[in-house]
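A quick write-up on the structure given underneath.
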Amino acid sequence: MMSNKRIQELELVMEFEKVEECFKEVSSWIENVGKKRLKETVNLDDSLEMLLQAQKQFKEFDLVASEYCRRGQEALKKMNQWEDFSFVDVHSYRVKLQAYRDQLEEFCTQLDKTRHRVCETVRLYEFFDKVRQSICCTEEGVKS
């Protein structure tokens with residue numbers, strides 16, 4: 001029984017090492033690219049034209065970022081089996097796994113919030129642009 005547990009433990013460690021490469025790549029991209037790009041979208045421009053350009057750029061980034069989130073989530077699913085094991089020897093791997101999970105969840109949440117904020121800001125600016133055009137047309141009609 002001890003031998004079987006030890007074999008399972010070794011198999012999990014080998015699986016973790018395979019999946020860890022994916023985690024490292026996703027984690028590195030989040031730290032070096034993803035978080036920086038999200039910070040760039042904090043201050044959106046004041047004109048509708050500039051905002052639409054920012055939205056286009058964000059959509060391109062969002063496609064790539066969503067792919068990294070998906071890859072990270074798939075890797076985490078592969079490691080869900082670790083939850084069933086309480087071996088002391090795998091504790092350090094669990095700590096790494098939790099750190100990757102926390103980083104990925106935080107980034108994906110921020111990505112969703114930013115996506116929503118950009119979309120809502122564009123909708124608001126488009127609405128105000130229509131209102132402004134209506135006011136201008138109304139003022140021209142009153143002047144005539």
Quick check for you: to the nearest 0.5 Å, what is the distance between [X] atom [atom1] and [Y] atom [atom2]?
X	Y	atom1	atom2	result
Q98	E105	CD	CD	7.5 Å
D129	L48	CG	CG	5.0 Å
Q110	I30	CD	CD1	11.5 Å
Y68	S27	OH	OG	11.5 Å
L97	D102	CG	CG	9.5 Å
C119	L124	SG	CG	11.5 Å

Subject >> Connected via hydrophobic side-chain network under 4.5 Å: F23 and V64 >> reply: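 In one cluster: yes.
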
Original post:
Would a hydrophobic clustering, with Ile, Leu, Val, Met, Phe, Trp and Tyr connected at side-chain separations under 4.5 Å, put L111 with L63?
Top reply: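 Each belongs to a different hydrophobic cluster.
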
Original post:
Any side-chain donor paired with an acceptor under 3.5 Å for Q73 and R70?
Top reply: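 On atom types as modelled, these side chains do not qualify, holding no pair under 3.5 Å.
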
**OP:** On the 0 to 90° scale, with breaks at 30° and 60°, tag the Y100-F16 ring pair as parallel, tilted or perpendicular.
**Re:**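 Plane angle between 30° and 60°, so tilted.
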
Measure across [X] and [Y] and return the closest heavy-atom pair with its distance rounded to 0.1 Å.
X	Y	answer
G72	V26	N-CG2, 4.1 Å
R37	Q57	NH2-O, 3.6 Å
G34	F61	O-CZ, 3.7 Å
C69	L104	CA-CD1, 3.9 Å

Original post:
Going by the salt bridge (charged side-chain N to carboxylate O under 4.0 Å, His left out) test, which pairs reach into residues 50-63, not counting sequence neighbours?
Top reply: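 Residue pairs with at least one partner in residues 50-63: D62-R115.
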
Original post:
Salt bridge check: are R71 and E74 linked by an N-O gap of less than 4.0 Å?
Top reply: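 E74 and R71: not salt-bridged.
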
Original post:
Which residues satisfy the salt bridge (Lys or Arg N to Asp or Glu O under 4.0 Å) test with E126, sequence neighbours excluded?
Top reply: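 Testing E126 for salt bridge (Lys or Arg N to Asp or Glu O under 4.0 Å), a comparison that skips the adjacent residues, returns none.
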
**OP:** Return the set of residues passing salt bridge (Lys or Arg N to Asp or Glu O under 4.0 Å) with E31 (not counting sequence neighbours), or none when no residue passes.
**Re:**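 Scan of E31 (salt bridge (Lys or Arg N to Asp or Glu O under 4.0 Å), adjacent residues dropped) gives K35.
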
Original post:
So Y125 and L52, side chain to side chain contact (heavy atoms under 4.5 Å, CB included) or not? Walk me through it.
Top reply: CA-CA 10 Å; Y125 270 70; L52 290 172; over 6 Å; no

Original post:
Is it true that a side-chain atom of S28 and a backbone atom of E25 form a donor plus acceptor pair closer than 3.5 Å?
Top reply: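 Such a contact is absent between S28 side chain and E25 backbone.
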
**OP:** Count the heavy atoms of every other residue, nucleotide or ligand shown that sit under 6.0 Å from CD of E120, and state whether that count exceeds 12.
**Re:**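 For E120, atom CD is crowded (more than 12 foreign heavy atoms under 6.0 Å).
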
